[in-house]
Amino acid sequence: MTVPTRVCEPQTEAELIARARALSGLSFAELAQRFSLMAPPDLRRAKGFVGALLERALGASAGSRALPDFETLGIELKTLPVDGRGRALESTFVCTIPLAEIGEVEWQASRVRRKLSRVLWIPVQGEREIAVPERRIGEPLLWSLTPEVEARLRFDWEELAGIIGRGDVESITGHIGRCLQIRPKAADSHARRRAIDADGVGFAALPRGFYLRASFTSEIVRAHYALSSYDTSSGSGETPT
DNA sequence: GATTGATCATGT
DNA sequence: ACATGATCAATC
């Protein structure tokens, strides 16, 4: 048995999809084993494990550079933790926000639009009741921004970017935005990034990022049906009250 | 139970 | 430092 440490970048969309389909049904432990890795017992200290594992298995090229995961194809990879009914369990990080400049950026040129233009969604089992190594990978969905969805994202983005542009970033909470929201994105709450206040004066603000709400990604994945069904049957006593 | 704000690991 | 990959856990 061979033990590859990396996989080359897929050269075509068809190749990428074929690879992704071939991974569906595998557990994290099974996929990790192919790279001589051990799936962690929990994700508390390994939050990026699943994403990094799938990147590696699919031949994502970008590393931690600000480029699409599949550079030549212009496709972004996102794993999406879902429950037994296919509903997203977490929001999806999109990108960090250049606080001092976003007020002068237009939607067409925004990081959000670029990132979400084309996304390979890979649903994965995310319920905490399932041990991490045993969680399974679902069916991939190659998705493109449609005019309808773009209009919704743009609406939220313009509201949020507008607030920052006016110098009111400190007034933003995660409550704003129907599908897109802004939340902190930092090592801790003491991290600071340059921003501009209402008088045009620079100040140090908590770094923030754009996130897609779980309700929004659930719609996307449900609309195209992804994770068909992986043993949600076993009656191990999950009766809602 | 859902959501927001906080946090963790790794690579360049 | 700051980008990537996200989930945790307190709170609503």
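What you see is a predicted model, and the numbers here were worked out from it, not measured in a lab. Convention: sequence-line order gives letters A, B, ...; per-chain numbering from 1.
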On the nucleotide C:dA3, are OP1 or OP2 found under 4.0 Å from the side-chain N or O atoms that A:R193 carries?
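For C:dA3, OP1/OP2 do have a side-chain N/O of A:R193 under 4.0 Å.
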Would you tell me if any nitrogen or oxygen in the side chain of A:Q181 comes within less than 4.0 Å of OP1 or OP2 on B:dT3?
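No.
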Looking only at side-chain N and O atoms, does [Y] offer a donor or acceptor that is under 3.5 Å from a partner on [X]?
X      : Y      : value
A:R136 : A:S24  : no
A:E9   : A:T72  : yes
A:R213 : A:T92  : no
A:R118 : A:S144 : yes

Partner residues of A:E101 under the side-chain contact (heavy atoms from CB on, under 4.5 Å) criterion, sequence neighbours left out:
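Partners of A:E101 by the side-chain contact (heavy atoms from CB on, under 4.5 Å) criterion, ordered by chain and then number, come out as A:P98.
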To the nearest Å, how far apart are [X] [atom1] and [N] [atom2]?
X      : N     : atom1 : atom2 : answer
A:D83  : B:dG1 : CG    : P     : 12 Å
A:F210 : C:dT4 : CZ    : P     : 13 Å
A:F216 : B:dA2 : CZ    : C1'   : 19 Å
A:I97  : B:dG5 : CD1   : P     : 13 Å
A:F49  : B:dT7 : CZ    : P     : 25 Å
A:M38  : B:dA9 : CE    : P     : 19 Å
A:R111 : C:dC2 : CZ    : C1'   : 10 Å
A:L180 : B:dT3 : CG    : C1'   : 16 Å

Going 5' to 3' along nucleotides 6-12 of chain C, which nucleotides have protein heavy atoms under 4.0 Å from the base (write B), which only from the sugar-phosphate (write S), and which from neither (write -)?
BBBB---
Using modelled atom types only, decide if a donor and an acceptor are shared between the side chain of A:S117 and the backbone of A:R114 within a distance under 3.5 Å.
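Flag not set: sc A:S117 to bb A:R114 has no pair under 3.5 Å.
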Does the pair [X]/[Y] count as a salt bridge with the N-to-O cut at 4.0 Å?
X      : Y      : value
A:D83  : A:R85  : no
A:R154 : A:E158 : yes
A:E30  : A:R34  : no

Does anything in residues 156-167 of chain A come within less than 4.0 Å of DNA chain C? Heavy atoms only, and list the residues if so.
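The answer is none.
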Just to be sure I understand the rule, does A:L206 reach a base, reach only the sugar-phosphate, or reach nothing, if contact means heavy atoms closer than 4.0 Å?
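The residue A:L206 makes sugar-phosphate contact but no base contact.
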